[in-house]
K.L.:
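Okay, here's the structure, questions in a sec.
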Amino acid sequence: MRIIIVRHGEPDYEKDCLTPLGRLQARAAARRLQDEGIREIFSSPMGRARETAACTAGLLGIRQVQLLDFMHELKWGSADGTPVFADGHPWTIADELVRRGWDLNDPDWPEHEFFRNNTVTAACAAVAREADCWLGGFGYRREGLYYRNTRSDDAQYSIALFCHGGSSSALIARVMNQTFPYVCATEHADFTGITILRLDRNPGSLCIPSLEIACDARHITGLTAAPSPAS
């Protein structure tokens, strides 16, 4: 099975929808994905992700976009009002940890002073739990660090997941056995950036997903929104 992870298009965060440029990006992403053999489409419940997903669903003739509540954008900040570095912004924190020479692959990252009291830590743990349940529904059962293919067939197919920079980083960290700070520092997806993970299709296999492509946004190169007409 292939999991195609797509970040939403350029958003109007206040209205939780796409900007005119974001809609152009979403249509470009749909054209980019039309030959990927997508069988099902999933989306964060947030408006900007659903609007992006709808473009691909419409082009492919997929009637239902299935919502995954656990893939909404992550919240960060102090869990109890005590100040936390950079207001808990995980990408700024990851950059600062690199500057200080801290090992981003340290499995005890949730206990670091920048994350211990940060709401994003619990949010990442929730994504990890729910992602394992979701993958289990496709026949990939978590065993320790890896996934056992419990399916009875070796059919290859693709699903698409439209979501956000934070929640996709948390999901990728879980399934690829990387830490969340490491993914934040190394995988910066542009709007409608595409990352593809492939799980072993052979029944009974124990695997870690293969990374086919990461943060591909070539389909939006040169896109600009038309200027608004003068009033």
K.L.:
Taking the ring of H164 and the ring of H72, is the distance between their centroids below 6.0 Å?
P.N.:
no
K.L.:
Quick one: closest heavy-atom pair of G47 and D16, and the distance?
P.N.:
N-OD2, 2.7 Å
K.L.:
For the residue pair L33 and V6, establish whether any side-chain heavy-atom pair is separated by less than 4.5 Å.
P.N.:
yes
K.L.:
Above 12 or not: heavy atoms from other molecules or residues under 6.0 Å from CZ of F42?
P.N.:
yes
K.L.:
Taking all heavy atoms of R174 and all of R142, pick out the closest pair and write down the distance.
P.N.:
O-NH1, 3.2 Å
K.L.:
Hydrophobic clustering (ILVMFWY, side-chain heavy atoms < 4.5 Å, transitive) - are L161 and L18 grouped together?
P.N.:
no
K.L.:
Using ring pair (Phe, Tyr, Trp, His ring centres under 6.0 Å) as the criterion, point out the one residue from F85, F180, W102 that pairs with H112.
P.N.:
W102
K.L.:
Are W76 and V98 linked, directly or through other ILVMFWY residues, by side chains that come within less than 4.5 angstrom of each other?
P.N.:
yes
K.L.:
Ignoring hydrogens and angles, state whether a donor on the side chain of D132 or Y147 is under 3.5 Å from an acceptor on the partner side chain.
P.N.:
yes
K.L.:
Report the C-alpha distance between Y13 and R48 in whole Å, list the side-chain angles of each, state the deciding distance to 0.1 Å, and finish with yes or no for side-chain contact (heavy atoms from CB on, under 4.5 Å).
P.N.:
CA-CA 8 Å; Y13 284 113; R48 53 193 184 269; 3.7 Å; yes
K.L.:
Within the side chain of N105, is there an N or O that forms a donor-acceptor pair under 3.5 Å with the backbone of P107?
P.N.:
no
K.L.:
Can you get from I194 to M71 by hopping between Ile, Leu, Val, Met, Phe, Trp and Tyr side chains that sit under 4.5 Å apart?
P.N.:
no
K.L.:
Out of curiosity, I5 CD1 to S169 OG, how far, rounded to the nearest 0.5 Å?
P.N.:
9.0 Å
K.L.:
Before giving the answer on side-chain contact (heavy atoms from CB on, under 4.5 Å), spell out for R201 and M1 the whole-Å C-alpha distance, their side-chain angles and the decisive distance to 0.1 Å.
P.N.:
CA-CA 6 Å; R201 68 183 186 179; M1 182 178 78; over 6 Å; no
K.L.:
Is the closest side-chain heavy-atom distance between F162 and S44 below 4.5 Å?
P.N.:
no
K.L.:
Would you say that more than 12 heavy atoms from the other residues, nucleotides or ligands in this model lie under 6.0 Å from the CZ of R2, or not?
P.N.:
yes
K.L.:
In terms of side-chain geometry, is the basic nitrogen of R116 or E113 positioned less than 4.0 Å from the acidic oxygen of its partner?
P.N.:
no
K.L.:
State, to 0.1 Å, how close A30 and T56 come at their nearest heavy-atom pair, and which atoms those are.
P.N.:
CA-OG1, 3.4 Å
K.L.:
Please enumerate all residues that pass side chain to side chain contact (heavy atoms under 4.5 Å, CB included) together with T82, with sequence neighbours excluded.
P.N.:
S78, D80, N117
K.L.:
Could you check whether any side-chain heavy atom of L197 comes within less than 4.5 Å of a side-chain heavy atom of L211, counting everything from C-beta outward?
P.N.:
yes
K.L.:
Testing the 3.5 Å rule here: is there a donor-acceptor pair between the side chains of T19 and E10?
P.N.:
yes
K.L.:
Got more than 12 heavy atoms from elsewhere within 6.0 Å of CZ, R100?
P.N.:
yes
K.L.:
For residues I38 and I4, report the shortest heavy-atom separation together with the two atoms involved.
P.N.:
CG1-CD1, 3.9 Å
K.L.:
When you check the gap from the basic side-chain N to the acidic O, do K75 and E73 get nearer than 4.0 Å?
P.N.:
no
K.L.:
Is any side-chain heavy atom of Q66 closer than 4.5 Å to a side-chain heavy atom of I41?
P.N.:
no
K.L.:
Using modelled atom types and a 3.5 Å cut-off, is there a donor and acceptor pairing between side-chain atoms of D12 and backbone atoms of K15?
P.N.:
yes
K.L.:
Less than 6.0 Å separating the ring centroids of F114 and W109?
P.N.:
no
K.L.:
L21, F191: one ILVMFWY side-chain cluster at the under-4.5 Å cut-off?
P.N.:
no
K.L.:
Under 3.5 Å, is there a donor on one side chain and an acceptor on the other for Y157 and R39?
P.N.:
no
K.L.:
Starting from Y146 and following side-chain heavy-atom contacts under 4.5 Å between hydrophobic residues (I, L, V, M, F, W, Y), which residues can be reached?
P.N.:
L145, L206, I208
K.L.:
Ignoring hydrogens and geometry beyond distance, is a side-chain donor-acceptor pair present between T192 and H219 at under 3.5 Å?
P.N.:
yes
K.L.:
Can you confirm whether T52 sits close enough to R7 that some side-chain heavy atom of one is under 4.5 Å from a side-chain heavy atom of the other?
P.N.:
no
